[in-house]
*Asks:* 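Here it is: the structure, laid out below.
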Amino acid sequence: MLKEEVDSINDELTESNLNLSVVMNSQQHQQQNNLKLKNPLITASGTCGNGKELADFFDINQLGAFTTKGITVKPQTGNKTPRIAETAAGIINSIGLENPGVDSFIKDILPETKNYSLPILANISGYSQKDFITLAEKLEGRKELAGIEINLSCPNIKGGGMIFGTAPEKVYQITKKVREIYSGYIIVKLTPNITDITETALAAENAGADAVAMINTLSAMKIDIDQQKPLLANTFGGLSGPAVRPVAVRMVYQSYKKLNIPILGLGGVRSGSDVIEFMLAGATTVGIGTVNMIDPTAGPRIIGEIKEYMLKHQITNLSSIIGAAH
Amino acid sequence: MLKEEVDSINDELTESNLNLSVVMNSQQHQQQNNLKLKNPLITASGTCGNGKELADFFDINQLGAFTTKGITVKPQTGNKTPRIAETAAGIINSIGLENPGVDSFIKDILPETKNYSLPILANISGYSQKDFITLAEKLEGRKELAGIEINLSCPNIKGGGMIFGTAPEKVYQITKKVREIYSGYIIVKLTPNITDITETALAAENAGADAVAMINTLSAMKIDIDQQKPLLANTFGGLSGPAVRPVAVRMVYQSYKKLNIPILGLGGVRSGSDVIEFMLAGATTVGIGTVNMIDPTAGPRIIGEIKEYMLKHQITNLSSIIGAAH
Amino acid sequence: MFKIIANREVGPGIFQLVLNYDQLPQNPEPGHFFNIKVSQDGSEDPLLRRPFSIFDFDAAEKKIEFIYRVIGKGTKILSNLDNGTELDVLGPLGTPFSLNKSGGNIHLIGGGMGIAPLYYLAKKLKSSRQTLYLGAANKAELEFFEEKFKGLGVECHLAAMEEKLEIKGSALVLWLNYLEKNTPDYIYTCGPEKMLAAVEKEALKNNIGGELSVEKRMGCGIGVCLSCSCESRAQDQKNKRACVEGPVFGLGEVILGA
Amino acid sequence: MFKIIANREVGPGIFQLVLNYDQLPQNPEPGHFFNIKVSQDGSEDPLLRRPFSIFDFDAAEKKIEFIYRVIGKGTKILSNLDNGTELDVLGPLGTPFSLNKSGGNIHLIGGGMGIAPLYYLAKKLKSSRQTLYLGAANKAELEFFEEKFKGLGVECHLAAMEEKLEIKGSALVLWLNYLEKNTPDYIYTCGPEKMLAAVEKEALKNNIGGELSVEKRMGCGIGVCLSCSCESRAQDQKNKRACVEGPVFGLGEVILGA
Ligand SMILES: Cc1cc2nc3c(=O)[nH]c(=O)nc-3n(C[C@H](O)[C@H](O)[C@H](O)COP(=O)(O)OP(=O)(O)OC[C@H]3O[C@@H](n4cnc5c(N)ncnc54)[C@H](O)[C@@H]3O)c2cc1C
Ligand SMILES: Cc1cc2nc3c(=O)[nH]c(=O)nc-3n(C[C@H](O)[C@H](O)[C@H](O)COP(=O)(O)OP(=O)(O)OC[C@H]3O[C@@H](n4cnc5c(N)ncnc54)[C@H](O)[C@@H]3O)c2cc1C
Ligand SMILES: Cc1cc2nc3c(=O)[nH]c(=O)nc-3n(C[C@H](O)[C@H](O)[C@H](O)COP(=O)(O)O)c2cc1C
Ligand SMILES: Cc1cc2nc3c(=O)[nH]c(=O)nc-3n(C[C@H](O)[C@H](O)[C@H](O)COP(=O)(O)O)c2cc1C
Ligand code: FES
Ligand code: FES
């Protein structure tokens, strides 16, 4: 295209008439329960605290939605430190779900989210089906929340998350139970530590999940060669960051055509280009995790980069590119 | 330790009395079939051609062993290009096993390896159990080879490698068949695209493999966001390089205590430290793949770095650190 | 915007980094740290920022100064950046030292690069009687700091592990040698966690109050990831984040590890 | 050992990189390429080397010269490296242009950065009658090259996509405009694969022989990984590696893709 032509088109399509909004459809209650977001960016659980800290850096209402740090039934102090190890283009974390427990979450954290005008999602983790039921019951009806994200994939807890997340029938059972109790939007977050993620994704869909999120972290470790022992106090942890993005994008791409529910794609997003990559693969929304730890203003920067891409490619409605790489 | 003390010890332990040799035990024929290597470095299949090219850069006999590019029964021209994509600290390849076929391998390539004095391993891939049987039959008795590496894990071939490699019973069957035919050293190379790699590793052991190699590449993809389509002509490819090392080390660590046969650890090795990391996790030998593509003289450099580590930590016998991080 | 105006070796593998800034969210206090991105031009490795304590600060000239030791990949890359390079820097971060004991008899105890946060502190505590107990591997590592602290009129005692200065040994042993003769009102200490634990134990045993600064592995430095949690000795047992509630803690406030 | 002695912008986003070497395995010929590691100090990202064709070579002064366009992360990082930086460089690699048609009427057809390998070639073909057909986005991208080639006495025809020079269009269209009037004995061409395919087709139709240089995505550049395979038009159908048998191929030798 000649430069003048591009310029003249750009005259028409300007930042102000770009439409970045996306809709995460709901399986259950049709339209009225859809999650409508002003843009596809959703903070990834555990990498953004509960909003307060990032709010020092920018207005987090600019984001599509906010996911809170994972909560459990009881308070947890987490794993021993070191809890984090840096690897090539990635990090391994074994935080171990340090959190104040669901009751404190409801009493102390949820009220604070009232200051925000964006949808809030609570990320929940459990060690048994009963845990998930308790969490769903306690969160049901909480107006502050747009929905919950069931974390079936945390690789840091012995005998816990990982086991549910790799067995399709367990994913189905837990999702189904939670679905019976919780009426808001339900996202099931899946582990990539699995032979075929489409099996667990389909299990979640069949059990009534409104959406799936992929991926949580890849089980990984690092050894301190001078100490000759694992670097993390917990031995194993979860790998995230740019290193894992090619695996995450592959999983989203593989799942897109098999699923009828929307996908929240995440893993290693650093820039607007990466968000576009996930959407082209089939993600309706895209999570930003590790990047916030490095660049606290990543959210608004990425939104700007998405807009640049839309202008360059003359895309008016961002949602039109979902799955376009197939 | 005081500097003088360190110096005085170093006087005794010098480069020349470091022992880097390792032994890969054989399950089958006890001692006489053991693979004795002067050091733990083994070239990873597909990243070093068949030796000739690297030999322009250094004497490859300095390495522990050499693994040839994967061969199939019939010649293959491989996938369409682009066959390679760069990712953060990694690469995705979908070469698609371009190779001249086993007959040409025996006729043209094997004779060339006679110039080398290090053990040569042939990497074999197949689309069916029959393929593996054919390959084993053709390679049985070839004096040029110290052994074969059964690639049950190439993620690039539709309906092929990936499927065998993720089902423990298939791994068992194929290994068993090959074992009945092939009398040299057998390494079974496993895929990391699996929920629990210890299951396939144990299947290989139970079927009579002498060793397992882990990991092959992680299934992955990259999308060209300007073209809005997968960057690789083959859509999917395998991720290798430093990005995957934390996953590979975790898998070796997990498997070490469950297995009685030695592990060839690989995935993302760049330096001597990385070799040490794999050995501490439980690897007896360590593969160097992608690094050779970037630094053709990586082999000798890494050997030097291992020696530095041994001097620093006063380690006389490198094999004494195998599994020491447990 | 931060720009490198000096990045020079001031001891073996020890660098002084001076940055010019155009604006800061607030002026740093002693004990604050900054989180510096060392990879440039979109390289994803190293991925995380690197935390460094403020070593010196000059509001008039808009300069912040750090002292760092080359340890691994990140500091190696940092040490090769040239003057004029623009750096992505977050800070000041964390909770600084309290200066309310100013005027008393103060001991500064630094192990290795633990010296870094103590200089700007000493500057701010100028009205106090200050004694520095500093340990490192060898004399060459200490010279730059000795000169700096002497310039502030701080009494300096130096120890090295590899050669005999005042003693051959650690900052801890050095300090203990003087503790009875010269008992401080308050101490500030920074260094390896094992040393901090030992100093804390001795101080508490002798009923001496003080503060320490810990170096925890950090993911974010801004309180969102909980990588840097320290177990609290307080009743509620709520973990404290080294990057928000710390890196400065009161003696006895958190459980020090290895 | 290779050291940067110049790295400057000579057109919009186009850089000239001059390296001093202390030794080379062999002197480079036109069409050879070098594989340059752009990440420094152990950073693993970008991981792969970046291939660049030799633009100019001076054995007496031990200088090799490249021209590159800033495309993505790798070239961006490269463009920010300062004089004095030591680079890890492999080369010369690949199969160069043959110079046996020297003396005839030669056309050089370059699209965009496809110009890079043609300058040193033109220098070596000095005794021939040479005409350059060069296309780029705009005039600013062409100026540096026009001057260089004119300096060799090469007749230059220039086209741009964004503004009318000799024509408004591609190097291909420009060349076709002249093909009948000035039919060459031999052509050398480099540029986007689509352009190469079109040039090849026209040349073969007109029974003109020649050579082209392809830019294939490379893993290793030394023939070990088979990332750069080109399908051969030869009987045996054996793939050819762009990094070993290429990047220079005879017209019609390999199947050109998109
Ligand atoms: C609050 C705070 C203030 C600090 N102030 C200084 C200072 O003023 N001067 C100075 O020289 N050093 C200081 N350090 C330590 C400094 O951050 C590390 O030496 C540096 O991060 C090492 O990076 P690397 O890439 O060279 O080492 P690598 O070992 O390659 O780093 C790998 C990872 O481990 C982390 N890491 C390694 N060592 C440490 C450490 N000691 N503490 C925390 N994280 C570590 C790195 O940040 C990185 O994420 C401080 C640390 C903290 C937490
Ligand atoms: C034999 C050969 C000679 C070349 N000579 C020149 C030259 O003289 N001047 C010049 O400006 N460019 C030349 N190129 C292209 C140059 O290598 C790429 O522009 C450069 O690698 C882009 O790197 P990047 O990190 O900036 O881009 P990115 O797009 O971020 O690179 C991502 C990956 O794709 C590869 N890649 C991207 N574009 C190309 C391309 N066009 N060809 C091959 N690989 C690509 C990169 O090497 C890298 O592995 C040559 C390519 C080849 C194969
Ligand atoms: C420090 C840290 C803490 C995390 N905590 C949680 C958590 O509590 N619940 C959860 O579902 N995922 C958690 N995750 C996983 C992320 O939400 C995300 O799925 C993963 O990191 C991949 O995305 P990224 O590469 O963008 O970080 C955590 C990740 C990190 C790095
Ligand atoms: C270009 C390329 C080609 C490969 N070809 C083969 C192959 O033919 N057979 C095989 O078993 N593995 C093959 N692999 C996998 C490697 O042998 C190795 O298992 C993997 O790359 C991980 O190690 P690395 O990170 O050190 O490269 C290939 C890898 C690459 C990058
Ligand atoms: S480093 Fe992330 S919370 Fe402290
Ligand atoms: S790039 Fe590896 S063989 Fe050509």
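The shown structure was predicted, so the numbers you read here are calculated from the model rather than taken from an experiment. To find a chain, count down the sequence lines: A is the first, B the second, and so on, and within it residues start at 1.
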*Asks:* Any idea which of A/A89, A/G78, A/A85 has the most non-hydrogen atom pairs under 4.5 angstrom with chain C?
*Replies:* A/A89
*Asks:* For the residue pair C/I222 and A/L54, establish whether any side-chain heavy-atom pair is separated by less than 4.5 Å.
*Replies:*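 Yes, side chains in contact.
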*Asks:* Could you look at A/T290 and say if it's the side chain, the backbone, both or neither that has a heavy atom under 4.5 Å from chain C?
*Replies:*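 Interface part for A/T290: side chain.
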*Asks:* Determine whether more than 12 heavy atoms belonging to other residues, nucleotides or ligands lie under 6.0 Å from atom NZ of A/K229.
*Replies:*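 No, the 6.0 Å shell around NZ holds no more than 12 heavy atoms from other groups.
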*Asks:* Under 4.5 Å heavy-atom distance to chain A, tell me which part of C/P25 shows up: side chain, backbone, both or neither.
*Replies:*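 For C/P25, no heavy atom lies under 4.5 Å from chain A.
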*Asks:* What heavy-atom pair brings A/T77 and C/N239 nearest, and what distance separates the two atoms?
*Replies:* O-ND2, 2.8 Å
*Asks:* What part of A/L232 gets within 4.5 angstrom of chain C, counting heavy atoms only: side chain, backbone, both, or neither?
*Replies:* neither
*Asks:* Could you state the interatomic distance from SG (C/C228) to CD1 (A/I84), rounded to the nearest 0.5 Å?
*Replies:* 9.5 Å
*Asks:* Less than 4.5 Å to any heavy atom of chain C: does that hold for the side chain of A/K52, its backbone, both, or neither?
*Replies:* neither
*Asks:* Of the backbone (N, CA, C, O) and the side chain (C-beta and beyond), which part of C/K216 lies under 4.5 Å from a heavy atom of chain A, both, or neither?
*Replies:*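 The answer is the side chain of C/K216.
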*Asks:* Do the charged groups of C/R50 and A/E86 touch, with an N to O distance under 4.0 Å?
*Replies:* yes
*Asks:* Examine distances only and state if a side-chain atom of C/R217 and a backbone atom of A/R83 form a donor-acceptor pair shorter than 3.5 Å.
*Replies:*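 A pair under 3.5 Å: no.
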*Asks:* Identify the residues of residues 111-121 of chain A whose heavy atoms come closer than 4.5 Å to a heavy atom of chain C, ordered by number, or report 'none'.
*Replies:*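 Near chain C, by residue number: none.
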*Asks:* Name the member of C/V244, C/L226, C/D45 that forms the most heavy-atom pairs with chain A at distances under 4.5 Å.
*Replies:*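 Of the candidates given, the most pairs with chain A belong to C/L226.
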*Asks:* What are the two closest heavy atoms between C/S227 and A/T81, and how far apart are they?
*Replies:* O-CG2, 3.8 Å
*Asks:* Do NZ/NE/NH1/NH2 and the carboxylate oxygens of C/R241 and A/E53 come within less than 4.0 Å?
*Replies:*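 Salt bridge flag = yes for A/E53 with C/R241.
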*Asks:* Sort by residue number and list every member of residues 291-305 of chain A having a non-hydrogen atom under 4.5 Å from chain C.
*Replies:*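 A/N292, A/M293, A/I294, A/D295, A/P296, listed by number.
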*Asks:* Establish, from distance only, whether the side-chain atoms of C/S229 and A/E98 form a donor-acceptor pair under 3.5 Å.
*Replies:* yes
*Asks:* Let me know if C/N35 has heavy atoms under 4.5 Å from chain A in its side chain, its backbone, both or neither.
*Replies:* neither
